[in-house]
Amino acid sequence: MAKGNKLTTRAENYPEWYNDLVKKADLAENSEVRGCMVIKPYGYAIWERMQQTLDQMFKDTGHVNAYFPLFIPKSFLSKEADHVDGFAKECAVVTHHRLMNAPDGSGVVVDPDAKLEEELVVRPTSETIIWSTYRNWIQSYRDLPLLINQWANVVRWELRTRMFLRTAEFLWQEGHTAHATQEEAVEEAERMLGVYGDFAEETLAIPVIRGVKTERERFAGALDTYCIEGLMQDGKALQAGTSHFLGQNFAKAFDVKYATKDNKEEYVWATSWGVSTRLMGALIMTHSDDEGLVLPPSLAPHQVVIVPIYRKDDEKDKVLAKCAEIAQTLKTAGIRVKLDDDDTKKPGWKFAEWELKGVPIRIALGPRDLANGKIEVARRDLKTKEVMDLTDTVDETMTALLADIQTQIYQKAKTFREENTTSVDTYDEFKAQLEKPIPGFIYAHWDGTTETEEKIQAETKATIRCIPIGNEQEEGVCIYSGKPSKQRVLFAKAY
RNA sequence: CGAGGUGUAGCACAGUCCGGUUAGUGUACCUGCUUUGGGAGCAGGGGGCCGCAGGUUCGAAUCCUGCCACCUCGACCA
């Protein structure tokens, strides 16, 4: 029995470990729809916490929420040339609006008479529908800036999917802003990258590199794509968020102009930015271990779980009363606490279950503790246990412990990243590094051409994740072409 | 779309090569008793169009043909 619920270990098979964990920690499961997952309550609770935190950060930076249609008329997609190139291959298309019983009684079929005049595309992203709407909303410089975010689902018909990391349908937020000047728009794109970076590091406890994408890796239709890149435990990079400076491309495509103070007509400047349920994947692959999920306290649906231990009914009453008292104290202090008083499960089972689910702190209290005025406190991240006095300030103790866990898992991830970041000067060194079990982040000189970038990828599978912001400038030569280079860029194998 | 693999109870699998009792094991589920400080023990019980459609045969989970679905690894991508 004890073996029954063990995860595949990371060393055995990393992708399988990931899949096992997602299922066994009750985060999500594959649905009966190809490439689409069901996010289960526990997984969704974590996503909701991400949403709440981000939503507040967006509002604090002046944004408001709105909602645009799921469907986009096909013709909209073709108005921006690069944009359609980027998404055309992965769009789900609605062609009919009615079903009917099959004439031969074999079931339900699409009614051929219900064909749409113009097909509707299920949004892969909302730039086009939003910019066609903005045209009506923007007339004057007084209407700017327009700072809007939407929480939505989008569909990209991916050939190969993995839960949270790449699913055909996924949940995300997309911000779409309009500005009077290029400077303002660039500032906005950079501001939101900052928001994402802070969110990743402070809330998710994932250290990230902030950078700019190369031309080849840029969002379809953008002039610049900013990104945050995290390093997962298997040494592969994961793009955790992007923010795009769109220039006037969409304003021109959808004819969105405004009157300046001196009554000149100008196209507006745009940004868009988004993070998705992929962050769940980043969270899992950054912190979790062979025992299961490890959650940062900031996101844990239950920050503290209390497991009562008892044998007889009189013990049960006393132990539960004390547990409830502790739970109330913690709750009052603003701690998300779960008293696991489920009578049908034994303590050992609960210990294992809550470890699998990544609850940061577990308190166990039994008759022995009750008699001695103690509690047993276990930390999920370090897998340590200690018996401590149960005092009136248990809430302060737990609050401090939660803060410490949040800091420590971030530090641990950061140390891992630093230990797995290398700098190389030759192509041979580069290739050798990529052959290692944990290839990690690799800094190397690059000549700045797409051609070189593509050849390196074709030969090694490594891509340029970004050109880090504030990158140190130094003279060097491209590892591939030998041409001069002024800075190192960040390479990695990526998800 | 290329290469592999898998479809049998909620889940994980055995059985298929070599056709033949009532299709089996673990786990989960239900009932009872004993248990409860690291995924409890015993006893009893329920649950199966063996992926789908044809075919061969006295007889098919097993052999043949066709189809479908899913998974892993590539190419494409957040």
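We name chains A, B, ... by the order of the sequence lines, and we start the count at 1 in each one.
- Side-chain atoms of A:His63 and A:Glu188 include a donor-acceptor pair closer than 3.5 Å.
- A:Trp47 has its CH2 atom 16 Å from the P atom of B:rA78, to the nearest Å.
- Counting non-hydrogen atoms under 4.0 angstrom, A:Leu165 reaches a base of the nucleic acid.
- Side-chain atoms of A:Met50 and A:Leu283, non-hydrogen and from C-beta on, do get closer than 4.5 Å to each other.
- Between A:Lys345 and B:rA40 there is no side-chain polar atom (N or O) within less than 4.0 angstrom of OP1 or OP2.
- Looking at heavy-atom distances under 4.0 Å, A:Thr167 makes contact with a base.
- Annotation: of the two residues near RNA chain B, A:Glu90 and A:Glu376, the 5′-most nearest-nucleotide partner is A:Glu376.
- At the heavy-atom level, A:Glu16 lies nowhere under 4.0 Å from the strands shown.
- Within 4.0 Å of A:Asp20, counting heavy atoms only, lies no atom of the nucleic acid at all.
- Remark: B:rU65 base-pairs with B:rA53; criterion is Watson-Crick or G-U wobble with both hydrogen-bond distances under 3.5 Å.
- Dashed line: the shortest gap from a side-chain N or O of A:Arg311 to OP1 or OP2 of B:rU35 is not under 4.0 Å.
- Remark: B:rC73 base-pairs with B:rG2; criterion is Watson-Crick or G-U wobble with both hydrogen-bond distances under 3.5 Å.
- A:Lys385 comes within 4.0 angstrom of a nucleotide base, judged by non-hydrogen atoms across all strands.
- Between B:rC70 and B:rA28, the distance separating the two P atoms is 30 Å to the nearest Å.
- Applying the 4.0 Å criterion to OP1 and OP2 of B:rC11, one finds that A:Lys23 has every side-chain N and O outside that range.
- Aromatic ring centroids of A:Phe245 and A:Trp273 lie 6.0 Å or more apart.
- Each of A:Pro367 and A:Arg465 has a nearest nucleotide on RNA chain B; the 5'-most of these lies closest to A:Pro367.
- Counting any heavy atom pair closer than 4.0 Å across all strands shown, A:Phe219 reaches no nucleic acid atom.
- Across all strands, A:Arg162 comes closer than 4.0 Å to no nucleic acid atom at all (heavy-atom distances).
- Checking B:rG32 for Watson-Crick or G-U wobble geometry (two distances, each under 3.5 Å) identifies B:rC42 as its partner.
- Between A:Arg160 and B:rC76 there is no side-chain polar atom (N or O) within less than 4.0 angstrom of OP1 or OP2.
- Within the 4.0 angstrom heavy-atom criterion, base atoms lie near A:Glu158.
- If you take atom C1' in B:rG7 and the same atom in B:rU62, they sit 15 Å apart, rounded to whole Å.
- A:Phe491 pairs with exactly one of A:Tyr427, A:Phe430, A:Trp446, A:Tyr443 by the ring pair (Phe, Tyr, Trp, His ring centres under 6.0 Å) rule, that one being A:Phe430.
- The phosphate of B:rU72 has neither OP1 nor OP2 within less than 4.0 Å of any side-chain N or O from A:Asn13.
- You'll find the ring centres of A:Trp354 and A:His302 inside the 6.0 Å limit.
- If you take atom P in B:rG51 and the same atom in B:rU16, they sit 15 Å apart, rounded to whole Å.
- Of the side-chain N and O atoms in A:Lys89, none sit less than 4.0 angstrom from OP1 or OP2 of B:rC76.
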